[in-house]
J.: 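Let me begin by handing over the structure; questions about it come next.
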Amino acid sequence: MKYADRVSEMMNAFSPAPLKIEQMQEFYCSDTMEYRVGDKYSSPMEDIYDMCREAEEGCAFLLLGHRGCGKSTELNRLSEKFLADGYQVKTVSCSKDLDLFNIVYSDLFILMGEALLETAKQAGCELNQTVITDIADFWCEGTQTVESKELKALSMEAGMSADTPGIFANLLKLFVKLKTDLKYNEETRKEYRKKISQHSSEWIGMLVRISGEIRWKTGKQPILIFEDLDKLNPEDAWKVFYNYAAVLSGMPFPVIYTFPIGLSYDARFSAMEGYFITKTLPMIKIETIDGQPFADGIRVIKEIVKKRADLQLFEADVLERLIQYTGGSLRDLFCAVNAAAKRAERRESNSVSMEDAKRALEELKTSLTRRIERKDYDFLIHIFRGNKEMIEDKQTLLKMLQASVVLEYNGKRWHNVHPLVAEFLTGAGLV
């Protein structure tokens, strides 16, 4: 990614991908938290940072937030701080390694094993021979499928002595095979899951031993971050987290899981708080609960844009309109900027016009309104007309939050209809 001086460079500069650690210094805007939580001295990310550093044993977090609010970038920023303090941190991209529409808790424990091995390698640990042998043997003993032959071959490679060159590479090859089968092979996936569920204490014991080696080598606990779990549908999220809360929260090192924000309105969520420390990263507020523009929030989003592109690339009032109609969602804003910049480039223009912005927002509005049905209109109109706090229909609220057509703002916890959905309702003469 590079700073955009020309319209043709804006698509790259406003990629929806989160900022990587090496991009933070140039592109990260550090002044957003006050306008997310409504308090200069509060920060859910700083809370997680402090608690991980102070924890003598493990602690498990659920990080909630709307899709597109900047969670991944903030987590990468958090990783940067931990690394600077000498911690070993590993982020696991669950959407890359798993089928998020077919996931169970044991899948996370397989990824946890790979993440800890990679962390141990990064830290320069020399694993005990018995740990190496136990990990390799665990995955080939009692396996019935044809694929077990490949696992056996890989485990034989991994079963060499701890000081054998490339031992970590051999073990990690085993996990590449496991992950590929987890994502694409239904028959083998069932066996791996059965293996973990029937021998969970044995596998967790290996994870504990690896994390202990890392702590002995570095003097600090490893920290794992599980990304993309906020994208799970509600049924799968409850199946994974609610049914196995004690196991997922019971590691002797800090683990941070992202989690769907809408599920915090489900009655079961209060039980989860007995196992996990829950934190929410709110949207950047651009409007007050009374419907007035929130100048500070708009200003800080402009600063985020300014970090990535020359503001002169936007014609008068264009950026303000894009911010206004994306409601504080950075993902929606970046998508709209991208679409508007593409149109401007096709026009062979040196700047993004108001017409480019309107077309881009119309495209985004179409995507959002496809997610709602006529039966949802009354619910949305009720919020639009002022019922922004005391919402009784939690089931519909959960659905609307999942669809990103209702947005939640913190400080004083309240909701609003996405500005483009509000425009749709107004244009249809419904409000």
Side-chain angles (χ1 to χ4, degrees), residues 37 44-45 47-48 51 55 58-69 71 75 92 94-95 98-112 193 196-197 200 204 224-251 254-283 371-373 375-376 379-380 382-383 387-410 412-416:
V37 302
M45 307 311 294
D47 290 345
I48 293 173
M51 282 185 273
C59 49
F61 300 87
L62 296 182
L63 179 63
L64 289 70
H66 281 282
R67 298 181 196 176
C69 73
K71 288 190 303 300
L75 284 168
V92 179
C94 294
S95 62
L98 300 174
D99 177 0
L100 292 184
F101 292 100
N102 188 337
I103 182 174
V104 300
Y105 88 99
S106 57
D107 299 347
L108 300 184
F109 276 95
I110 294 173
L111 297 188
M112 197 176 287
R193 291 171 173 175
I196 290 286
S197 63
S200 57
I204 290 170
L224 298 188
I225 299 171
F226 282 84
E227 268 275 51
D228 303 321
L229 295 174
D230 56 309
K231 298 174 183 174
L232 291 174
N233 64 54
E235 295 78 14
D236 286 336
W238 287 127
K239 181 176 67 177
V240 171
F241 283 97
Y242 187 76
N243 294 342
Y244 299 96
V247 182
L248 290 173
S249 64
M251 293 298 99
V255 186
I256 303 165
Y257 304 97
T258 55
F259 190 77
I261 188 171
L263 299 192
S264 63
Y265 289 90
D266 191 296
R268 288 172 286 184
F269 189 74
S270 60
M272 301 276 286
E273 293 179 299
Y275 294 96
F276 300 94
I277 302 165
T278 62
K279 295 291 175 181
T280 301
L281 181 68
M283 306 285 287
R371 305 171 195 174
I372 58 176
E373 305 172 67
K375 65 181 181 180
D376 301 320
F379 176 85
L380 296 170
H382 200 40
I383 296 176
N387 184 45
K388 300 183 187 300
E389 294 177 275
M390 303 300 293
I391 300 174
E392 295 180 358
D393 187 350
K394 302 300 184 186
Q395 185 174 357
T396 303
L397 177 61
L398 189 157
K399 174 185 170 185
M400 296 295 100
L401 287 168
Q402 286 289 116
S404 298
V405 298
V406 168
L407 305 176
E408 179 188 297
Y409 302 94
N410 272 39
K412 183 179 182 181
R413 193 175 189 184
W414 59 281
H415 304 83
N416 212 352

J.: Hey, does Arg193 have a side-chain heavy atom less than 4.5 Å from the side chain of Asp107?
T.: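 Result yes, sub-4.5 Å side-chain heavy-atom pair found.
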
J.: Is there a side-chain contact between Arg67 and Ile261 in this structure, where contact means two heavy atoms from C-beta onward sitting under 4.5 Å apart?
T.: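 Side chain of Arg67 against side chain of Ile261, heavy atoms only: no contact under 4.5 Å found.
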
J.: Apply the side chain to side chain contact (heavy atoms under 4.5 Å, CB included) test between Leu229 and each candidate in Leu108, Leu63, Asp236; give the one that qualifies.
T.: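 Exactly one option meets the side chain to side chain contact (heavy atoms under 4.5 Å, CB included) with Leu229, and it is Leu108.
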
J.: What are the two closest heavy atoms between Met272 and Trp238, and how far apart are they?
T.: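 So the two residues come closest at CG-CZ3, 3.8 Å.
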
J.: OH of Tyr257 to OG of Ser249: how many Å apart, nearest 0.5 Å?
T.: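 With rounding to 0.5 Å, OH (Tyr257) is 7.5 Å from OG (Ser249).
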
J.: What closest approach, in Å, do Ser197 and Tyr105 show between heavy atoms, and which atom pair accounts for it?
T.: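 Closest heavy-atom pair between Ser197 and Tyr105: CA-OH, 3.8 Å.
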
J.: Could you give the distance from CZ (Arg371) to CG (Asp376), rounded to the nearest 0.5 Å?
T.: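 Those atoms lie 13.0 Å apart.
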
J.: Using modelled atom types only, decide if a donor and an acceptor are shared between the side chain of His66 and the backbone of Glu408 within a distance under 3.5 Å.
T.: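 Yes, because the side chain of His66 sits within donor-acceptor range (under 3.5 Å) of the backbone of Glu408.
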
J.: With rounding to the nearest 0.5 angstrom, report the CZ to CG distance, Phe226 to Leu62.
T.: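 So the gap between those two atoms works out to 12.5 Å.
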
J.: For residues Ile391 and Phe379, report the shortest heavy-atom separation together with the two atoms involved.
T.: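 Heavy atoms only, the tightest pair is CG2-CE1, 3.7 Å.
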
J.: From Leu397 CG over to Asp266 CG, what is the distance, rounded to the nearest 0.5 angstrom?
T.: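 Spacing of CG (Leu397) from CG (Asp266) equals 11.5 Å.
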
J.: May I ask you to test the Cys94-Leu100 pair for a side-chain heavy-atom distance under 4.5 Å?
T.: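 Contact flag for Cys94/Leu100 side chains = yes.
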
J.: Output all residues satisfying ring-ring contact (aromatic ring centres under 6.0 Å, His included) with Phe61, sequence neighbours left out; order by chain, then residue number.
T.: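 Testing Phe61 for ring-ring contact (aromatic ring centres under 6.0 Å, His included), a comparison that skips the adjacent residues, returns none.
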
J.: Just do the side-chain contact (heavy atoms from CB on, under 4.5 Å) check on Met400 and Ile372 with the steps written out, would you?
T.: CA-CA 8 Å; Met400 296 295 100; Ile372 58 176; 3.9 Å; yes

J.: Side chains of Cys59 and Ile277: closer than 4.5 Å at any heavy-atom pair?
T.: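 Touching, per the 4.5 Å side-chain cut-off.
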
J.: Are more than 12 heavy atoms, taken from residues, nucleotides or ligands other than Gln395, located less than 6.0 Å from that residue's CD atom?
T.: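 No, because the 6.0 Å sphere around CD of Gln395 holds 12 heavy atoms or fewer from other groups.
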
J.: As an exercise, state the distance from CG of Leu248 to CZ of Phe241, rounded to the nearest 0.5 Å.
T.: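 Taking CG in Leu248 and CZ in Phe241, the distance rounds to 6.0 Å.
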
J.: Any idea which heavy atoms bring Leu263 and Pro234 closest together, and the distance?
T.: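 Closest heavy-atom pair between Leu263 and Pro234: CD2-CB, 3.6 Å.
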
J.: Considering non-hydrogen atoms only, spot the tightest contact between Lys388 and Ile383 and give its length.
T.: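 Nearest pair, atom of Lys388 first, then Ile383: NZ-O, 3.4 Å.
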
J.: Take atom OH of Tyr265 as the centre, draw a 6.0 Å sphere, and report whether it contains more than 12 heavy atoms from other residues, nucleotides or ligands.
T.: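 Enclosed: over 12 neighbouring heavy atoms sit under 6.0 Å from OH of Tyr265.
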
J.: Please name the pair of heavy atoms, one in Pro260 and one in Gln402, separated by the smallest distance, quoted to 0.1 Å.
T.: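 It is CB-OE1, 3.4 Å.
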
J.: Roughly how far apart are Leu407 CG and His415 NE2, rounded to 0.5 Å?
T.: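 So the CG of Leu407 and the NE2 of His415 are separated by 9.5 Å.
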
J.: Any side-chain heavy atom of Phe259 sitting closer than 4.5 Å to one from Phe269?
T.: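 Yes, side chains in contact.
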
J.: Sequence neighbours left out, what passes side chain to side chain donor-acceptor pair (under 3.5 Å) with Asp230? Give chain and number order.
T.: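 In terms of side chain to side chain donor-acceptor pair (under 3.5 Å), with neighbours along the sequence ignored, Asp230 is linked to Lys71, Thr258.
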
